[in-house]
Amino acid sequence: MEFSYSEELLEIKKTVREFAEREIRPHVMEWDEMQIFPRDVLAQLADLGFMGVLIPPEYGGAGLGYVEYATIVEELSRVDGSIGISVAAHNSLCTGHIFNAGTEDQRRRFVVPLARGEKIGAWSLTEPEAGSDAGGTQSTARLDGNHWVLNGQKTFTTHGTYGDICVAMAVTDKSAGHRGISAFILEKGMPGFFAGRKENKLGLRASDTSTVVFEDCKLPKENLLGEPGQGFVDALKVLDGGRISIAALGIGMAQGAYEAALHYSKQRKQFGKPISEFQAIQFKLADMATEIDAARLLTYRAAWMKDRGMKTTAESSMAKLYAGEVAVRAANECVQIHGGYGYIKDYPAEKYYRDVKLCTIGEGTSEIQRLVIAREILKS
Ligand SMILES: Cc1cc2nc3c(=O)[nH]c(=O)nc-3n(C[C@H](O)[C@H](O)[C@H](O)COP(=O)(O)OP(=O)(O)OC[C@H]3O[C@@H](n4cnc5c(N)ncnc54)[C@H](O)[C@@H]3O)c2cc1C
């Protein structure tokens, strides 16, 4: 067992932390209040190789593993979860799906510009009537000569408005159930493919979450991604990796909330002494630090296993479930430690409190993670 960071990982952590403090921290509240999607920041992250973290250099990526990837998402999310979720959706969902299931031609055409950050990726599974039950997808794709014709609607797609390339799941054979859903690659500007409503969200307001619409959208035959009928099966594999990044998103935000609370508790005086000297506050800080560390260990274990090609369905879900719930508890205690000041926008506590909730919902709710974990442990 090895619990220390390698020199390379420490260097990556330091680079991301410095970048986030310099380029993101000063703008966080403005982006949040105005719901500004900071496209320029993603371009800067691309220069650092962070838009193609898991992709080999020959396809324009940084050629790093999940441990590094989780470190990058964690450090960005410590400052702003909106940037964390953007990087996660782009890397492990859209780019990862095309890289893992795509042909050599698809890798060249789509993965290379995505990994270089020239294009932004989106991944559309969820529909208005198919959320937790994503196998109940209703969007359809019909083969018409040399084209697929897509019809339907996706909801809550990260980068639904700003994305250039979108992987979307649609039913190609209704009679085959889960094995009748296929994946497709869409490009911005294709006739019949457009963004619908951009959501006005509780948190992560600088990230773009939008409806995506297909209206008789004609796609070249070769834009089918993976085998016909394998789209949903491949999507579940994609989520095994994606959930590690959502766990990292949770840890990052929890760490940010914990640091804010720790700092404030040493500054704020009541009854003639810093509130950090009250045992009730110390216990909150101790619980936060312990739970964040436990979540981090689960997350990096799953990342480590993924890097070794091991199956991580249960471990990814355990990490995502626990980290998400820890993030919610940590942000709650952060507000509590700030008292009334935790409730106003002059301090970072209220934003963490709003942002963290996504972690118990996105890429499968906490209830769904428990179902996945139960299914895996009952198998063994
Ligand atoms: C900010 C944001 C970004 C997102 N980005 C993306 C994206 O990029 N791509 C994408 O495809 N999706 C995305 N999503 C969608 C997200 O994955 C779904 O919201 C999530 O899977 C839950 O689906 P739902 O919202 O339809 O809730 P529902 O499935 O309707 O669930 C409602 C409640 O019922 C519970 N429930 C449902 N079924 C069961 C069951 N069998 N047992 C017990 N409880 C159950 C749920 O846990 C939940 O508490 C995003 C969502 C948000 C909020």
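Whatever order the structure lists them in is the order used to number ligands and atoms, beginning at 1. Along the sequence shown, the residues carry numbers beginning at 1.
The closest approach between any non-hydrogen atom of Thr209 and ligand 1 is below 4.0 Å.
Of the protein's non-hydrogen atoms, the one nearest atom 40 (C) of ligand 1 is Leu371 CD1, 4.0 Å. Looking only at heavy atoms of the protein, atom 46 (C) of ligand 1 is closest to Thr365 OG1, 3.6 Å. Here the protein heavy atom with the shortest distance to atom 26 (O) of ligand 1 is Gly131 CA, 3.2 Å. Residue, atom and distance of the protein heavy atom nearest to atom 25 (O) of ligand 1 are Phe156 CE1, 3.8 Å. Considering only non-hydrogen protein atoms, atom 38 (N) of ligand 1 sits nearest to Ser132 CB, 3.8 Å. Protein heavy atom in closest approach to atom 44 (N) of ligand 1: Glu367 CB, 3.7 Å. If you check which protein heavy atom lies closest to atom 20 (C) of ligand 1, you get Ile361 O, 3.5 Å. Considering only non-hydrogen protein atoms, atom 39 (C) of ligand 1 sits nearest to Ile368 CD1, 4.1 Å.
Separation of atoms CG (Leu204) and CG (Asp355) is listed at 4.5 Å; rounding is to 0.5 Å. From Glu277, atom CD reaches atom NZ of Lys266 across 11.5 Å, with rounding to the nearest 0.5 Å.
A heavy-atom distance below 4.5 Å is found between the side chains of Leu297 and Phe3. Under the 4.5 Å side-chain criterion, counting only non-hydrogen atoms from C-beta, Trp304 is not in contact with Glu2. Leu48 places none of its side-chain heavy atoms less than 4.5 Å from the side chain of Ile72. Counting only heavy atoms from C-beta outward, the side chains of Lys237 and Asn100 never approach each other to under 4.5 Å. Residues Gln369 and Glu325 have side chains not in contact (no heavy-atom distance under 4.5 Å, counting atoms from C-beta outward).
Relative to the six-membered ring of Phe99, Arg107 meets both conditions, a distance below 6.0 Å and an angle of at most 45° to the axis.
Polar contact check, Thr155 against ligand 1: no nitrogen or oxygen pair lies under 3.5 Å apart. An N or O contact shorter than 3.5 Å is missing between Ser124 and ligand 1 by distance. Considering backbone and side-chain N/O atoms, Glu127 never comes within less than 3.5 Å of an N/O atom of ligand 1. Between Lys201 and ligand 1, not a single N/O pair is under 3.5 Å apart.
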For this session: Check step by step if side chain to side chain contact (heavy atoms under 4.5 Å, CB included) holds for Arg205 and Asn200.
Result: CA-CA 7 Å; Arg205 287 165 59 81; Asn200 183 4; 2.9 Å; yes

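Those atoms of ligand 1 that come under 4.0 Å of a heavy atom in Leu125, given as number and element, are 10 (C), 11 (O). Ligand 1 places these atoms under 4.0 Å from at least one heavy atom of Glu363: 17 (O). Near Leu358, meaning under 4.0 Å from one of its heavy atoms, ligand 1 places the atoms 1 (C), 2 (C), 52 (C), 53 (C).
Nearest-residue assignment for atom 10 (C) of ligand 1 (options Val167, Leu93, Thr126, Asp133; heavy-atom criterion): Thr126.
Salt-bridge check for Arg17 with Glu21: failed, with every basic side-chain N at 4.0 Å or more from each acidic carboxylate O.
More than 12 heavy atoms of other shown residues, nucleotides or ligands fall within 6.0 angstrom of atom CD in Glu58.
Distance remark: protein heavy atom not present below 4.0 angstrom from atom 30 (O) of ligand 1. Within a 4.0 Å radius of atom 33 (C) of ligand 1, the protein contributes no heavy atom. Counting only heavy atoms, the protein gets under 4.0 Å from atom 6 (C) of ligand 1.
Counting only distance, with no hydrogens or angles, the side chain of Asp307 and the backbone of Val67 share a donor-acceptor pair below 3.5 Å.
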